[in-house]
Amino acid sequence: MVWRVVPKFSNGTEPQLLEDICTQVLKFCKSHSLKQATCIHSPIIKVGLQDNLFLNNNLLSVYAKSFGLEHARQFFDEMPRRDVVSWTGLLSACAQHGNHEEALELYDMMKTNGQYPNEFTLSSVLRSCCGIGEFNRGIQIQAYMIKHGFDANPILSSCLIEFYSKWGCIEEAFEVFSDMDDGDTISWTTMISSFVQAQKWNQALQLYMHMIEARITPNEYTFAKLLSACSFNGRKYGKLVHAHLVVWGVKLNLVLKTSLVDMYFKCLIMEDALKASDLTADYDVYLWSSIISGFVQNLKYEEAFSAFQEMVMSGIVPNNYTYSGVLNACSSIPALELGEQIHSQVLARGLEKDVSVGNALVDMYMKCSNKVEDAMRVFSGITSPNVISWTSLIAGLAELGFEQESYQAFEKMLSKGEQPNSYTLSSILGLRSTAKPPNQTKKLHAYIIKTKEDDHIAVANALVDAYAASGLVADARCVITLMSRRDAITYTSLATRINQMGYHEEALNVVTDMHDNDIKLDDFSLATFLSASAGLGAMEPGKQLHCYSIKSGLGSWISVANGLVDLYGKCGCIHDVHVAFREISEPDAVSWNGLMFGLASNGHISAALSAFEDMRLTRLKPDSITFLLVLFACSHGGLADLGLDYFQAMRVKHDIVPQSDHYACLVDLLGRAGRLEEAMGVIDTLPFQPDALIYKTLLSACKLHGNIPLGEDVARRSLEHDPSDSAIYVLLANMYDDSGLFDLGEKTRRLMRERGLRRNPGQSWMELQNKVHVFNAGERTHPQISEIHERIKMLIAEFQYWGYSYQPNEDSLYHSEKLAVAFGLLNAPSTAPIRIIKNIPFEIPDFPLSQKFLGMAARHLVEGMRQNKGVAYRMCLILEMLFPTEMGDDG
């Protein structure tokens with residue numbers, strides 16, 4: 001019984017003695033939260049002490065602490081007299097229980113009743129102003145403090161610092177701190193905490209140094225906040241703060257130990273984190289949760305699950321943060337079955353409505369399952385979804401391809417009054433243009449400016465990417481100009497989108513923008529610029545980027561190494577392709593695909609297929625792109641049967657479902673081999689509707705082999721699919737011409753003109769003296785156009801002299817690739833190779849004819865090399881120059 005703590009008095013009936021006894025009992029009960037304290041309420045009334053204000057204030061505190069606000073408020077209303085302690089006691093209880101509006105109402109009533117608040121009253125009022133976002137009310141409280149001389153009070157100053165910090169007014173908070181005459185440990189720690197909350201890590205550490213200079217002793221809470229700052233400032237500062245903690249002799253309680261563990265995990269020093277966790281034998285749910293989250297941050301998912309299991313076996317009950325960490329591990333692997341087991345535990349614990357657990361569950365289901373229903377069900381069960389809940393839903397829907405639903409969720413989020421953060425806005429801006437047209441991007445941009453989120457670099461970078469993805473490069477550049485701070489992601493996003501649009505030279509020019517802004521290339525930007533060089537066929541910029549990768553150490557990154565393989569493959573430098581590939585320590589599927597493409601596209605068919613077999617020997621799983629390249633190699637190598645075997649192995653041995661591109665390659669494989677009926681059978685048995693590419697592939701094969709009836713049937717089907725496809729008309733007309741049916745060819749071209757269709761213009765370019773020269777089909781404005789035409793005519797005359805019967809028409813002089821090669825012959829050094837890149841592939845129309853011509857050309861080469869070694873580099877390009885392309889320029 002609580003009475004045992006009361007001293008025994010000889011005369012226990014005197015009022016003063018009773019008051020002392022009741023006071024001691026109440027004080028004991030307040031310190032131990034004992035509900036038995038209310039048992040003394042009745043004796044107080046019986047002995048006539050019910051009007052004793054001191055006892056009533058103590059009783060009020062007991063009711064608030066042990067029975068809740070409702071009983072405390074009832075007792076307060078029945079009190080015959082109240083003073084500032086009475087009002088402050090109830091007001092403080094309201095603030096502690098989160099009833100901030102009631103606390104502020106009590107403050108107004110208190111002043112109406114003529115009571116003057118003290119520093120404890122005002123501190124509780126400031127806390128309630130923070131709780132419900134009453135910023136102006138908080139300013140009024142500060143004015144009252146200054147007016148009544150409370151501004152120098154250290155308790156209230158600390159409350160004011162906390163108040164301004166929660167509103168993001170860090171300068172005002174520091175001004176309050178600076179005006180304090182004698183700051184104590186609490187005020188210094190509060191200001192350090194404010195800097196940490198504002199993500200001003202350096203200022204937090206600097207203030208700690210001033211604190212030491214001011215001879216203010218830090219406590220465990222000071223070091224807990226400092227360790228949070230060190231989690232972002234780096235391991236050097238973290239270890240220094242840890243050393244200070246030891247020097248000051250601060251007792252390592254669970255709060256401080258958890259902060260130490262968290263800091264070392266975030267600094268990626270797992271060994272020290274685990275050592276810190278074993279410094280004392282004490283463990284609680286928060287420390288275990290920190291260890292689990294630390295393993296997840298360091299990508300050690302199995303260790304995270306083991307820690308969770310060890311925690312449960314030790315008898316510690318997981319809380320919402322524990323389950324969130326474990327679910328994040330499930331999301332990362334991904335492990336749907338394990339995530340569902342954790343979900344069942346969450347339901348058993350009754351935590352399914354908790355916002356942090358709900359957010360982790362939404363994220364887990366979005367990342368581990370293609371079914372959005374489970375994630376939507378969890379989301380709907382969250383009692384009060386916060387910005388993270390909405391962001392997880394929006395990003396998850398977008399990732400799974402539900403762009404419209406994602407944008408609708410964003411609009412619903414706004415209608416609910418939830419303010420999106422930078423991650424939300426970045427996710428919604430990242431939606432593909434099909435769900436987010438340019439005008440929608442501009443609306444989002446307007447909203448971002450209105451909410452001042454454009455100052456956040458992640459949002460600004462997402463805006464740059466969104467505009468560039470929609471083809472609005474000028475708008476993207478405008479956003480970059482207005483950005484207060486730019487990074488490598490800013491320019492990489494711009495360059496990547498420009499490169500995807502085919503403007504490779506413009507993409508390469510972004511390197512200059514980065515240099516002018518003193519921004520260094522990272523592995524992603526370097527890979528992007530290598531891709532642009534490869535697309536442009538520009539060896540010089542590519543070599544410069546290669547040198548930079550070696551100098552900067554970025555060449556060891558797999559994305560950069562793969563970019564180098566791709567560059568040299570597209571530039572036809574097979575030796576360099578092999579060198580770049582061999583320098584990759586652990587090639588991935590992209591590496592092997594790059595090697596195979598470089599070999600196959602340059603005619604090394606056997607080597608490409610051999611590379612595929614080598615890839616299989618490394619036990620690396622081929623992907624869909626790998627088989628696309630294998631089929632391409634077989635098609636261009638005339639290996640139809642082998643290609644069919646590989647196609648069958650895709651599904652049977654490698655569990656890869658063929659897509660439209662694979663079937664197009666299969667049709668090309670059979671078509672080139674002259675097995676046109678088989679190719680048509682493939683189209684007729686497709687598991688989906690054939691697209692234009694498949695039809696055009698078979699039509700090209702019909703043209704090659706002169707199968708007019710089948711070609712006409714394929715053209716008819718293709719035009720039913722897309723009547724506006726000009727390439728079909730061009731292929732059909734050329735097929736008629738090759739078969740001597742010139743009237744039908746002209747009729748097809750006339751029909752094309754009548755329907756307002758235009759051919760895809762051919763474009764070729766070459767690199768000369770570190771500059772790219774572009775030639776369009778029909779070019780007549782080039783400064784050297786007359787000399788270029790003369791050189792073409794001379795070459796044609798020379799080939800006719802060798803015995804090749806080639807009768808060009810006037811328009812054929814303006815093929816873009818002919819113009820480019822002639823320009824190169826006029827301007828490039830005699831021994832330099834000429835590399836021509838074309839937006840439409842070169843095609844030699846007839847293999848036997850080409851073989852005959854190559855034989856004549858080879859005999860001429862032997863003689864020519866005696867006179868000029870440069871002939872060896874140029875002859876193959878001249879061969880291509882003389883053949884009209886199949887689907888470009890003039891058809």
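Since we're looking at a predicted model, the values are computed, not measured. Values below: all heavy atoms of this structure, side chains included; hydrogens, waters and symmetry mates excluded.
- Judged as a ring pair (Phe, Tyr, Trp, His ring centres under 6.0 Å), not a single pair has a partner in residues 98-118 (not counting sequence neighbours).
- The shortest heavy-atom contact between M311 and P318 is CE-CA, 3.4 Å.
- In this structure, CE on M483 lies 4.5 Å from CD1 on I457, to the nearest 0.5 angstrom.
- Residues meeting the ring-ring contact (aromatic ring centres under 6.0 Å, His included) test with H210, sequence neighbours left out: none.
- Applying the salt bridge (charged side-chain N to carboxylate O under 4.0 Å, His left out) test to residues at least two apart or on different chains, the pairs with a partner in residues 155-166 are E162-K166.
- With no hydrogens or angles considered, no side-chain donor-acceptor pair links H343 and Y323 at under 3.5 Å.
- F174 pairs by the side chain to side chain contact (heavy atoms under 4.5 Å, CB included) definition with F177, S178, M191, F195, L207, not counting sequence neighbours.
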Atom pairs and distances, side-chain donor-acceptor, residues 294-303, under 3.5 Å, sequence neighbours left out:
residue: N298; atom: ND2; partner: F265; partner atom: O; Å: 3.1
residue: N298; atom: ND2; partner: G294; partner atom: O; Å: 2.8

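- Listed by chain and number, the residues in a side chain to side chain contact (heavy atoms under 4.5 Å, CB included) with D278 are Y283 (sequence neighbours excluded).
- With sequence neighbours left out, the ring-ring contact (aromatic ring centres under 6.0 Å, His included) criterion links Y237 to no other residue.
- Contacts of N320 classified as side chain to side chain contact (heavy atoms under 4.5 Å, CB included), with partners at least two apart in sequence or in another chain: D354, S356, V357.
- Going from atom CH2 of W390 over to atom OG of S427 covers 14.0 Å, rounded to the nearest 0.5 Å.
- For the residue pair V355 and I382, the shortest heavy atom distance occurs at CA-CG2, 4.0 Å.
- Applying the salt bridge (charged side-chain N to carboxylate O under 4.0 Å, His left out) test to every pair with at least one member in residues 232-254, sequence neighbours left out, gives these pairs: K239-D272.
- Residue pairs meeting the salt bridge (charged side-chain N to carboxylate O under 4.0 Å, His left out) criterion with at least one member in residues 193-219: none, sequence neighbours excluded.
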side-chain hydrogen bond (donor to acceptor under 3.5 Å, both in side chains) assessment of N461 paired with D487:
CA-CA 9 Å; N461 286 343; D487 59 10; 3.2 Å; yes

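- Across all their heavy atoms, L156 and N153 have their closest contact at N-OD1, 3.1 Å.
- Shown here for C230 and M263, the closest heavy-atom pair between the two residues is CB-CG, 4.0 Å.
- The environment of Q309 atom CD is sparse: at most 12 non-hydrogen atoms of other residues, nucleotides or ligands sit within 6.0 angstrom.
- Each side chain to side chain donor-acceptor pair (under 3.5 Å) pair with one or both residues in residues 130-149, not counting sequence neighbours, appears once here: D108-R137, Q142-Y164.
- Under the side chain to side chain contact (heavy atoms under 4.5 Å, CB included) criterion, E310 pairs with W288, sequence neighbours left out.
- Heavy-atom minimum distance, V387 versus Q419: CG2-O, 3.4 Å.
- Looking at heavy atoms from C-beta onward, N319 lies in side-chain contact with Y286 at the 4.5 angstrom threshold.
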